[in-house]
Every structure is written in C-alpha cells, then in structure tokens.
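Have a look at the structure below, then the notes.
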There are 2 protein chains.
Amino acid sequence: MPARRVSIGDIASQLKLSPSTVSRALAHNPDVSETTRQRVQQLAQELGYQPNQVAVALRRGHSNTLGVLVPHLAGTFFPEVVDGITEAASQAGYNVMICQSREDAEQERKNLELLMNAPVAGLLVSLASSTQNYAPFEAVRTANLPLVFFDRAIEGLTGEHISSVVIDDYAGAYMAVSHLVEQGCRRIAHLAGPPHLAIYEQRHRGYEQALHDHGLPYRPELVCPIGQHQPDGAAAMRQLLQLPCPPDAVFSSGDSALVGALQVLKELGYRVPDDVALAGFSNAEFTALTEPPLTTVDQHSHQMGREAVNQLLRMLHTATPTAVVLRPQLLVRASSQRVGQQQSLAG
Amino acid sequence: MPARRVSIGDIASQLKLSPSTVSRALAHNPDVSETTRQRVQQLAQELGYQPNQVAVALRRGHSNTLGVLVPHLAGTFFPEVVDGITEAASQAGYNVMICQSREDAEQERKNLELLMNAPVAGLLVSLASSTQNYAPFEAVRTANLPLVFFDRAIEGLTGEHISSVVIDDYAGAYMAVSHLVEQGCRRIAHLAGPPHLAIYEQRHRGYEQALHDHGLPYRPELVCPIGQHQPDGAAAMRQLLQLPCPPDAVFSSGDSALVGALQVLKELGYRVPDDVALAGFSNAEFTALTEPPLTTVDQHSHQMGREAVNQLLRMLHTATPTAVVLRPQLLVRASSQRVGQQQSLAG
DNA sequence: ATGAAAGCGCTAACAG
DNA sequence: CTGTTAGCGCTTTCAT
C-alpha cells in the first residue's frame, strides 16, 4: 500500500540495463552513450524517479544538509538570521535543519550530537546563554566538521574548520552611548546582559569606553545586570529611578528590556527623551512602533545569516577559516533625540 | 585526518564479537547476556560511539525527522508555531527540518520534494500564498507520507494520512467585529487578505456575518483587498479616509497592516479609538506596544505547533487523520475601547 | 560504452 | 545467547 518509490534498480530492469549505467546516465556521466542517457532520463521522468538522499548520503559519507542550532526562535533577531541562512543555503543547493537549545546547555549538547549524526555537511551555531562547558564543541572540532558561530561565539575556540560571524558589539554600544552624550546626557545607565556571553560583555565595554572617552565617570550604581525580558527592564528602571541621583539616559543591551523601561517611565510621568533618553540594541521590529520610537543598534541579522552560510561553504571548499565582523548601524529615533541638539549618526 | 568515527564494527572487532551482537547489546535487546551487554556499553562509552543515523534511516526505511514547510519566518506567528513544533517534536524524540517557501509555489514544490527524499517521518506544512496547484500535495498523499497542514490548509484535500490544525478564523473575525459594534461603531471597514487563502476568506466571511447579525449593511467600498504589510495598510487607510463617508472602525485581517493604518490615523490627527476604532488579527508582539495598544485576535500559535506535532504522531501510530480547530481569543485593548461603552470579551 | 561486484553502517531473519 | 548472511539504495572501482 505505501506506494513504493521507484529506485535506480527499477529503471535498470525495465530498460534491461545495469544499475551502474542508470546511475551514470542520471549523473550526466560522459561515458554513457547519448541514446541510453536519453532513454534513462526519459523513463526516470515518467516514473517520477527521485533519488533516495539517505542512500546517497550514506554512500558519499556526507549530506547536503546544514545544521543550525539557535538558542530560541522568539523575538525578531534569530528568525531573521535563520531566514538569511535558509535563503543562502537553498540558493547554494543545501537544505537546512534547525534545532533550538532553548538557552539550555544540556539541550544544546544533545542537539549538537543529533546534528553530528544527522549527518550534516556543517554546523551553524549560536550559543545558549547557559553554556559554560565547551567540551561538546571540542568534539565537533576533532571531528573536523566545519563550524560557523554566529552572533554568540566562543572566544578563543579556533580550529582549522571553525569560523565566526559576529557584529562589532563593542562599536555598536560605543556609537549608541556616544550619541546619548552628544544629546546632552551625563548620567547614562546601562542595562547589562549576562556577562559570560561575549556579546554582552562587549556591549558593556563599549559603554564604559564611550563614557571614558567623553570624560564621564563610570558609576557602578548605574549598571544593572538583568535578564533580557521586558519585566527585567521594567524592574531595573524602577530601581534606577529610586537613586538619589537618577539617570538622564539608559542604554540597554537589548530592546525588550528597554521597552519595559520605557513603559515604567511613561507610567511614572517621565518624558522621553527629555527627562530620560533611551537607546537599545538589536533593532527589534517593535522599536519603530513604540511611542516614542526607540533608538537602537541594527545588527544586520539577515545578512549575518547569509554571511554565516558563505563562511561555511568557503570552508567546505578551501578549508580556510575566517572571523567576519559586521559593522552595526545606529538607528537614531525619537527616544534619544532631544530638541536643540545636533543629530549625529556615528560615534 | 578526519578523525574517523567509531562504528559498530570497530567495537565488535575489539571485543571479538559479531556486529549483530554489538548492535543488540546497544539496543538493550534482552537476548544478549548481561555481561556482554556491559562490556559493549562500556567500550562504546569509552570510544564515544555514536550511531550513524543515516545508516539507521536507510536500513529502517524512515527517519526520526519531521519536515516543516512554512511560507516565511518573518513576523511573530510562524516563528512561534515553529517553536511549538520543535518543542513538541524534541520531547517526542524527533528532530525537525525546516524549509521556507518564501510564499512561492515553485519553491514550495521543490522543498516538498526535498523533504520527501530527506527522508522524513512526516510533514508539517503551511501553504504559500501563491499556491494554486495542489499536484505536489497529491504526490505526498499517494506516497502515504503523513501530512499535517497548519494554519493555511488546502480545503477539500483529504486522505488517510492528512490532518490539519487551524484556528476558527471565521469565529475570530466575528468576535472582533461584534466587539467593534458593541463599542458603538457603525461603519466598520475591513482590510482583507488574499482571498484564495482560506484563512482570509474565513475572516472576511466572519466580518460579513457579524455585520449582518447586528443589522448593519455590508458596504463594498469599506472592504479593501490588500497585501499584509504595513505600507499596504497605510495606503488603504488613506483611501478609506477619502470616502465621502469614512469608516468609524477598521477590522484588519492582519496586525502589520493595522499598524500602518494606525500610523496614518495618528499622522492625520484622528483619535483612536474615538474617531476610528481598530482591531486586528494575530496578536503580533508589537500590538501590545503601540500607542494605543491594538485590540487583536490571538491564534495560540505556539499551541498550534504543538498540536500539529501531536496530530502527526497520532497518524504515525494509528493512522487516524483528524481536523483540529482551535478557538481563537479576542484580546481587547485600548485601540477599540471607547469610554462609556461596556467591555465585552466575546461575540 | 556497459556490467559485475563491493561496500557505506546498520539491523533483522535465520541459523545454530 | 551469539554468529552468519543478507540487504536498505546508491556510487564507484575494476573489468570487459
């Protein structure tokens, strides 16, 4: 009943040829005569022959599938990267298998194992926030399976088949904070992310350096280490407003937390940007739709996905790993533009 | 150099056993003696043995991979469904392979072919908006490959291995429009989606029926067939406001278009909801963050994904197809709540 | 230009 | 309880 699919053997016997010849004909092998080639292709067409990719993969020892491992698919960033990945992959004739670690290191390990046995031609990975143990990635490295980290990479893990595509988080934060200073802000708070993820550490460092370069002091009480969700940002904002000397601007390491802060400010009657100016990071879809719209740093997420695939394909062919750093772009919107201040697009 | 991976044969020869015994021991087959089982498992552990899933799939004739085909991964809806799918699938020991049709019927056909040869244990599909020819799905049906449509289904395509999970779009639209009527709106416009997709047709019908049941006339000039993006909604809104007798409410078939409409209204100085009340469909993340927040219909997207996987697993085991219809939920927010009107949550 | 044979890694039927 | 054999569908020597 399950409508058995036609195999090379079927075609061979119908045409009284050997499987090898049929295989060759299908592969446009020049050894095979023009006439047989046509006969084979004709019949294959008629019977609706489709190669069994599993058998092909087993025989060849590798597949044309790329494995993708992301922390989650919520929000806008990762879906956009994945979109870029699937687009570039399918253009190059690869398909894509996606797993989510759900920010859990153990789940990440399992998925990694799964993908390695899938098997895939290579891996595109963005780390879970809870990952502390890099042993599973060592295993990928020793298996010589090409690996590209995107956005969240392991600093220091290098190998002959390990590339990375990240944005310059440091520069993005620096640009945003410099912009806030130029708008006249002097007490700039920072909603910081988990520091063991390099991206958040870099954003923190960019914040720090920008303050320093503009002659402003770094005040630890203005730096709140928080989760990345809306309520986290709201709670942090409330605390900041309790300070004897509250901030006149907030630079958040993520947009969701920032929108939480915005809501608290509006609720308590503060004016944005005049009392408190706001800038975030990621260019989430909703940042353009809040009131006021939020200044944020765009990460070129779609392009990051495409670039990650390019890196992978490059390694597949020439085995030269690279570390690509994309330059982020500051999007200045009303949440940080004070009247009477010059507009500036860079830091 | 590529650090050859250890196979069952390797373990067998090191232990002077046959591959079959090793295979059995690994599979906890009760036939094998306790001692050998332990020896095998011990060595497998030490050598870091991992089964080659491709070989397993080839041998068994099927894999533990589910194929997912979505129109796109932009916005919030499909990522949320996919999130539900991967969650439920991985709990059931399946992994997930995701393809995007990019709303293109030809791409959809290719991806379908790809997934069928992957091979997958079953398919979870949401149609591209341009799909008119259902032949590729006939092929899936005759291959007896379990198929679950979610959200965008082919009405009338039934089979022994075809299920569907959709929400009651008709009811969702009916609820939203009834709510607008209860808020005192009398000239309710509709931003309609592509009518050949059943979901949009149903939303349109729900709109029509709600008007009728409340004794309001259906006015064709208030129904705008548009694309689903923000500028489409903005353009439609401008047109509607040109009418001799403009609408006092808008029910949009999607949230992005609605936010476009909202922006035009604010730009031109209309008050929402007092001059024009708004309601949308999908509960996109940003609808809670606009000013005012947008009333919308929640589609239980995450649950839809989980449910789709359940349907698929059910067919894998018992072969009984089902058509699940989830009940949507109207989320009343400020964009439709007029002061002095009673609040109502259902229609 | 074509065929025969071997084998990718695994499992299941069939001995013993 | 364990081993032998065969084969999933395909590709690729090696013959002819």
Side-chain angles (χ1 to χ4, degrees), chain A residues 2-41 43-44 47-65 113-114 116-121 143, chain B residues 2-41 43-44 47-65 113-114 116-121 143:
Chain A
R4 215 179 70 65
R5 25 187 308 161
V6 342
S7 69
I8 284 195
D10 299 336
I11 299 180
S13 54
Q14 288 201 34
L15 257 35
K16 299 203 199 309
L17 285 170
S18 76
S20 4
T21 307
V22 173
S23 174
R24 282 188 276 250
L26 259 16
H28 287 91
N29 185 320
D31 282 352
V32 76
S33 81
E34 183 59 20
T35 48
T36 26
R37 218 212 64 222
Q38 297 210 348
R39 290 205 311 147
V40 169
Q41 301 225 330
L43 184 59
L47 299 181
Y49 167 76
Q50 296 290 346
N52 180 330
Q53 299 297 351
V54 176
V56 174
L58 179 61
R59 180 64 233 246
R60 290 213 215 279
H62 63 263
S63 72
N64 58 164
T65 298
E113 201 171 272
L114 191 88
M116 288 182 71
N117 304 324
V120 294
Chain B
R4 213 179 71 65
R5 27 189 305 162
V6 341
S7 70
I8 284 197
D10 299 337
I11 300 181
S13 54
Q14 288 201 34
L15 257 35
K16 299 204 198 312
L17 285 171
S18 75
S20 9
T21 307
V22 174
S23 174
R24 280 188 277 251
L26 258 15
H28 288 89
N29 185 319
D31 282 353
V32 76
S33 81
E34 181 59 20
T35 48
T36 23
R37 219 211 65 222
Q38 296 211 347
R39 289 205 312 146
V40 169
Q41 300 225 327
L43 185 59
L47 300 181
Y49 166 77
Q50 295 291 346
N52 181 331
Q53 299 296 353
V54 176
V56 174
L58 179 61
R59 180 65 235 245
R60 289 212 216 279
H62 64 263
S63 72
N64 58 164
T65 299
E113 200 171 273
L114 192 89
M116 288 180 72
N117 303 324
V120 294

Next on the checklist: Check this one for me: any side-chain N or O of B/Tyr49 less than 4.0 Å away from OP1 or OP2 of C/dC10?
Outcome noted: yes
Item to check | Pairs meeting criterion salt bridge (charged side-chain N to carboxylate O under 4.0 Å, His left out) with involvement of residues 12-31 of chain B, two or more places apart | outcome: none
Checklist entry - Taking only residues two or more places apart in sequence or in another chain, which ones pass side-chain hydrogen bond (donor to acceptor under 3.5 Å, both in side chains) with A/Ser23? => result none
Item to check | Partners passing side-chain contact (heavy atoms from CB on, under 4.5 Å) against B/Arg60 (at least two apart in sequence or in another chain) | outcome: B/Val56, B/His62
Next on the checklist: The criterion is side-chain hydrogen bond (donor to acceptor under 3.5 Å, both in side chains); which residues satisfy it with A/Ser63, sequence neighbours excluded?
Outcome noted: none
Item to check | B/Arg37: salt bridge (charged side-chain N to carboxylate O under 4.0 Å, His left out) partners, not counting sequence neighbours | outcome: B/Glu34
Checklist entry - Is there a residue in residues 20-40 of chain B whose heavy atoms reach under 4.0 Å of DNA chain C, and which residues are they? => result B/Ser20, B/Ser23, B/Arg24
Checklist entry - Mind checking what makes side-chain contact (heavy atoms from CB on, under 4.5 Å) contact with A/Leu43, not counting sequence neighbours? => result A/Ile11, A/Gln14, A/Leu15, A/Glu46, A/Leu47
Item to check | Between C/dC8 (P) and B/Ile8 (CD1): distance, integer Å | outcome: 14 Å
Item to check | Angle between terminal axes - the helix from C/dA1-D/dT16 to C/dG16-D/dC1, 5 pairs each end, rounded to 10° | outcome: 50°
Next on the checklist: Test of understanding: with side-chain hydrogen bond (donor to acceptor under 3.5 Å, both in side chains), list the residues that count as partners of A/Gln53, not counting sequence neighbours.
Outcome noted: none
For nucleotides 6-8 of chain D, print each protein N/O atom paired with a nucleotide N/O atom at under 3.5 Å, atom names and distance only.
from	atom 1	to	atom 2	distance (Å)
D/dG7	N2	B/Arg59	NH1	3.1

Item to check | Partner set under side-chain hydrogen bond (donor to acceptor under 3.5 Å, both in side chains) for B/Ser13, not counting sequence neighbours | outcome: none
Next on the checklist: How many whole angstroms separate atom CG of B/Leu15 from atom C1' of D/dC1?
Outcome noted: 15 Å
